[in-house]
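Below: the structure, in structure tokens.
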Amino acid sequence: MSKNVVLMVAEKPSLAASLAKILSNGSCHTRKGFNGACSVHEWNGSFKGQSAYFKMTSVCGHVMSLDFTGRYNNWDSVDPVELFTCPTEKKEATPKLKMPAFLSQEAKGSNYLVLWLDCDKEGENICFEVINEVEPVMVRSHRREQTILRAKFSAITEKDIKAAMNCLVAPNENESKSVDARQEIDLRIGCAFTRFQTRFFQGKYGNLDSTLISYGPCQTPVSIPTLGFCVERHDTIKTFQPEPFWVIQVSVQATEFRKLNLEWERVRLFDREVASTFHQKIKDYKQAKVVGISQKEKVKQRPQALNTVELMRVASSGLGMSPHSAMIIAERLYTQGYISYPRTETTQYPENFDIIGVLKQFRQSADFGADVRDVLSQGSIHPRKGQDIGDHPPITPMTMASRESFDHDSWRLYDYIVRHFIGSVSPDCKYLVSRIDFDVGPESFSVSGKKLLDPGFTRTMHWQALSPDEHMPDLKQNQMVPINEVKLNERLTSPPDYLTESELITLMEKHGIGTDASIPVHINNISQRNYVTVGNGRKLIPTALGISLVHGYQRIDPQLVLPTMRSAVEEQLNLIAKGRGNYDEILRHALEIFRLKFIYFVQHIESMDHLFEDTFSTLSQSGRNFSRCGACRRFMKLVASKPARLHCPNCDATYSLPAGGSFKLFNELKCPLDEFELLLWVGGPNGKGYPFCPYCYVYPPFREMKKGSGCNQCTHPSCTYGLNATGVASCGECPNGILVLDPTSGPKWQLACNQCQVVIKVCEDANKLSVASSTCPECDARQINVEYRPEKNKLANGLTKVKDACIFCSPELSELVEKRYASHAKSKRGGGRGRGRGRGRGRGRAKPKDKMAQLAAYFV
């Protein structure tokens, strides 16, 4: 009888490896998948009472992503309002991974599919992305049984994983649909607002310093309600008017060596005359009378079990980590088996959770052992009652580890998680509060102090320990104590400080903005978009751009900023997840509301624009004179802020520039097509550079050129710096790239691919280097001409110049090519040859599909 084939898919390669090791008892065989990114772990075992052949592999996050169809991705030709109703399609999330093809190939002949994706809504959505690729090629079962199954687990331990394998369930399509709905809402609304805002404001202002001016009502690209909290606090600070108040401060000599500063029972007064009256009544008293002595035992409660929000709060406020970085580290600790699943809202341990078993793992730890042994010695353990949301158990340590196992930040986060767990099952902290009440004439004062009775959980969570004991002196009822000083102090009220990340997380949780998975992304995005900066103490300080945006939304439509809009959308999505709401109706309703809001926003954009006028400089006021416009022959201004642009004040035209590099004039040369001065862009990890025409970069002259192309992709027949004059060979590292001579790289000459980051160093120190019109008979690459000065000559046989030689095949030159690419490029056999023929702006041949035909089109 043949074995059943069971394909199992995890969310990440590292997780797949851990699961395979546990499920196979360490006996699996591993091979690389054809996509190179995901391994396949194989072993024999039993499944559903029959012998089975297991294959465990993974995806790398989402398999597919939602996007608009073809032409709707063109910012220039599509009205953003069309994005609310235009067609969408699912595309490969990471095309270079070839994930759909990989899953389909590995699934052939499989009888069962077991899904080990993260146990949240996003993981459920990825489940169905995998199912769509796998199910069509699975062996159809003639029995009425479930062949696609879901594993539910919260920790990468042998006990949890094998328990999940024995309790497989059906995947939840409703939860997956709720994620689909959120993705579509975010895509349509976010892109419509973002495209309109970006084009409108970047076309007018030069110092915005932001590549995109994003808007997102829910998850992506930027949650404006999240930014709204930061700006609201900023407004409170800026509009705050300090107000004076007065306090009476009394100091008494309780003992020979002990002074006490007493607290006034009235606390403070805002009327100076009234405060002065009270001060006058008591300022001449020489003694204070003890009128009351009390002691009360108090308790500082141990923490509840740890959930994601609390983890992010402490990581930011206590460890100085951004929530985003903290969650990346926590995810890594989880996949390595050190902690349980880090995305959970639950703060109560399950009834069957083995607290004692987890604690015993740490008894011999050098870092935690003493505290753990102390907890175990106290007998019964009763954690504080928390809230069971029904998603995942709280975050707990799963395996003991030492400092040497981690980098610095990973250890700090792991150390906190372990200490929080130990603290949550430790006794409460107990202390004694002593209070002494005094009368100074008609006015009452007091002083308090604390004495630690039992440190409890603060022994482990030492950062929550009480301050050193404040022992009260041994005074008696009705005792008279000498007064040292009676003062009336004037003080000023102060504004609140800027929101910290920790405080923002609390507000987002309170108002239902984001999930445990998306909260750190929201905060990270508003920082990356230059809407806030992170100051000392991880305070979030809004930038001029962030403030202008929020104030502008508030002027036009306050609901675009308020968290209530986001909460209402999330409630509707939860109805889909629970199977109580219709997917199509909810999606259509949400999009129609925002479509109408978008139309209203566009009609009233001037209200926001007035704020931008007061804050930012126009393009004509920004930048510096740089290069000449081909249309009016006057200087255009280089606006170097994000994104980099050229602006012609005379023509009122703006041209985008390549990102991430520097610019300079290219030998004062002009484009033969449009008379714009050529520029040189230099950037990338290898110092790669290429010349480009600003006009052609935005408006490609030939059909085979894409927007954003430089001269190294231009097929103009006579341009000295176009592809026809500088192209040498096909790139060995990418399918469509051409290695092009960088004419500016001498004397450290190099060939650079016009598609990818490959750079090949050639003929260093040569005085002249140019591409010849002839081709190599052996490898079909374009030949080159090289000339050296005698004192720097590197050619063999005493030659100082070589004509029509192949850098890959000619013995005179092959030694002067960077070795790691020379043999590979030569083996490609088909570098392309000759010169292409351009047919003028806007015309030209269609791009050939066949690789060799494509090369022939470039080099005829």
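When a residue number appears, it is its place in the shown sequence, counting from 1. Remember, predicted model here, so these are calculated numbers, not experimental data.
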When rounded to the nearest 0.5 Å, the distance separating OG1 of Thr618 from NE2 of His647 is 7.0 Å
Report yes or no: does Glu42 contribute a side-chain atom to a donor-acceptor pair with the main-chain N or O of Cys28 at less than 3.5 Å? no
Assess, by modelled atom type and distance only, whether the side chains of Ser656 and Arg645 contain a donor and an acceptor separated by less than 3.5 Å. no
Flag the pair Val639 / Asn207 as yes when at least one side-chain heavy-atom distance between them is below 4.5 Å, and no otherwise. no
I'd like to know if the side chain of His41 and the backbone of Lys21 have a donor-acceptor N/O pair within less than 3.5 Å. no
To the nearest 0.5 angstrom, please state how far the CG atom of Asp67 sits from the NZ atom of Lys90. 11.0 Å
Is it true that a side-chain atom of Ser527 and a backbone atom of Asn524 form a donor plus acceptor pair closer than 3.5 Å? no
Side-chain ion pair, Lys664 and Glu677, N-O less than 4.0 Å: no
Straight-line distance of Asn530 CG to Thr543 OG1, nearest 0.5 Å: 4.5 Å
Heavy-atom donor-acceptor pair, Asn754 side chain to Gly737 backbone, under 3.5 Å: no
Just do the ring-ring contact (aromatic ring centres under 6.0 Å, His included) check on Tyr721 and Phe666 with the steps written out, would you? CA-CA 11 Å; Tyr721 298 100; Phe666 185 52; 4.7 Å; yes
Between Phe626 and Phe663, is the ring centre distance below 6.0 Å? no
Might you point out which heavy atoms bring Ser627 and Leu646 nearest each other, and give the distance in Å? OG-CD1, 3.9 Å
Of the non-hydrogen atoms in Gly710 and Phe692, which two are nearest, and what is the gap between them? CA-CB, 3.7 Å
Please determine whether a side-chain nitrogen of the Lys or Arg among Lys91 and Glu89 lies less than 4.0 Å from a carboxylate oxygen of the Asp or Glu. yes
Tyr655 and Phe676: aromatic ring centres closer than 6.0 Å? yes
So, Lys98 and Gln105: side-chain donor and acceptor under 3.5 Å apart, yes or no? no
In terms of side-chain geometry, is the basic nitrogen of Asp407 or Arg332 positioned less than 4.0 Å from the acidic oxygen of its partner? yes
Do Ser58 and Glu11 get their side chains close enough for a donor-acceptor pair, meaning under 3.5 Å? no
Lys/Arg-Asp/Glu bridge criterion (N-O < 4.0 Å) met for Asp76, Lys707: yes
Where is the tightest heavy-atom contact between Ser39 and Thr30, given as atom of each residue plus distance? CB-CG2, 3.9 Å
For residues Cys38 and Met99, determine if any side-chain heavy atom of one lies less than 4.5 Å from a side-chain heavy atom of the other. yes
Nearest heavy-atom pair of Ala93 and His62: which atoms, and what distance? CB-O, 3.3 Å
Let me know which of Leu739, Val759, Asn736 forms a side-chain contact (heavy atoms from CB on, under 4.5 Å) with Cys753. Leu739
Nearest 0.5 Å, please: how far is NZ in Lys637 from SG in Cys629? 14.5 Å
Would the number of heavy atoms belonging to other residues, nucleotides or ligands and lying under 6.0 Å from CZ of Arg634 be above 12? no
Nearest 0.5 Å please: distance from the OG1 atom of Thr57 over to the CZ atom of Arg31. 8.0 Å
Looking only at atom types and distance, does a side-chain atom of Ser641 sit under 3.5 Å from a main-chain N or O of Gly206, one as donor and one as acceptor? yes
Take Asp674 and Cys696, measure what side-chain contact (heavy atoms from CB on, under 4.5 Å) needs, and give me the verdict at the end. CA-CA 8 Å; Asp674 49 46; Cys696 294; 3.3 Å; yes
Show your reasoning for whether salt bridge (charged side-chain N to carboxylate O under 4.0 Å, His left out) applies to Arg789 and Asp765. CA-CA 9 Å; Arg789 286 196 176 97; Asp765 292 331; over 6 Å; no
Charged N to carboxylate O under 4.0 angstrom, Lys748 versus Glu764? yes
Between Lys12 and Glu331, is the closest basic N to carboxylate O distance under 4.0 Å? yes
Relative to Phe635, does Arg628 satisfy both conditions: NZ or CZ under 6.0 angstrom from the six-membered ring centre, and within 45 degrees of the ring's axis? yes
So for atom NZ, which belongs to Lys642, do other residues, nucleotides or ligands contribute more than 12 heavy atoms lying within a distance under 6.0 Å? no
Restricting to non-hydrogen atoms, name the atom on Leu741 and the atom on Leu751 that form the minimum distance, rounded to 0.1 Å. CA-CD2, 3.6 Å
So do the side chains of Leu769 and Asn785 get within less than 4.5 Å of each other, counting heavy atoms only? no
Using a 3.5 Å distance criterion without hydrogens, assess whether the side chain of Tyr531 forms a donor-acceptor pair with backbone atoms of Ser214. yes
Taking side chain as C-beta onward, heavy atoms only, is Ser104 less than 4.5 Å from Val134? no
Residue pair Thr720 / Thr726: nearest heavy atoms and the distance that separates them: O-CG2, 3.9 Å
Check whether any side-chain N or O of Asn712 sits under 3.5 Å from a backbone N or O of Leu723 as a donor-acceptor pair, and report yes or no. no
Interatomic distance, OG@Ser410 vs CD1@Ile329, rounded to 0.5 Å, equals 5.0 Å
Step by step, work out the side-chain contact (heavy atoms from CB on, under 4.5 Å) result for Thr69 and Thr88. CA-CA 5 Å; Thr69 56; Thr88 59; 5.9 Å; no
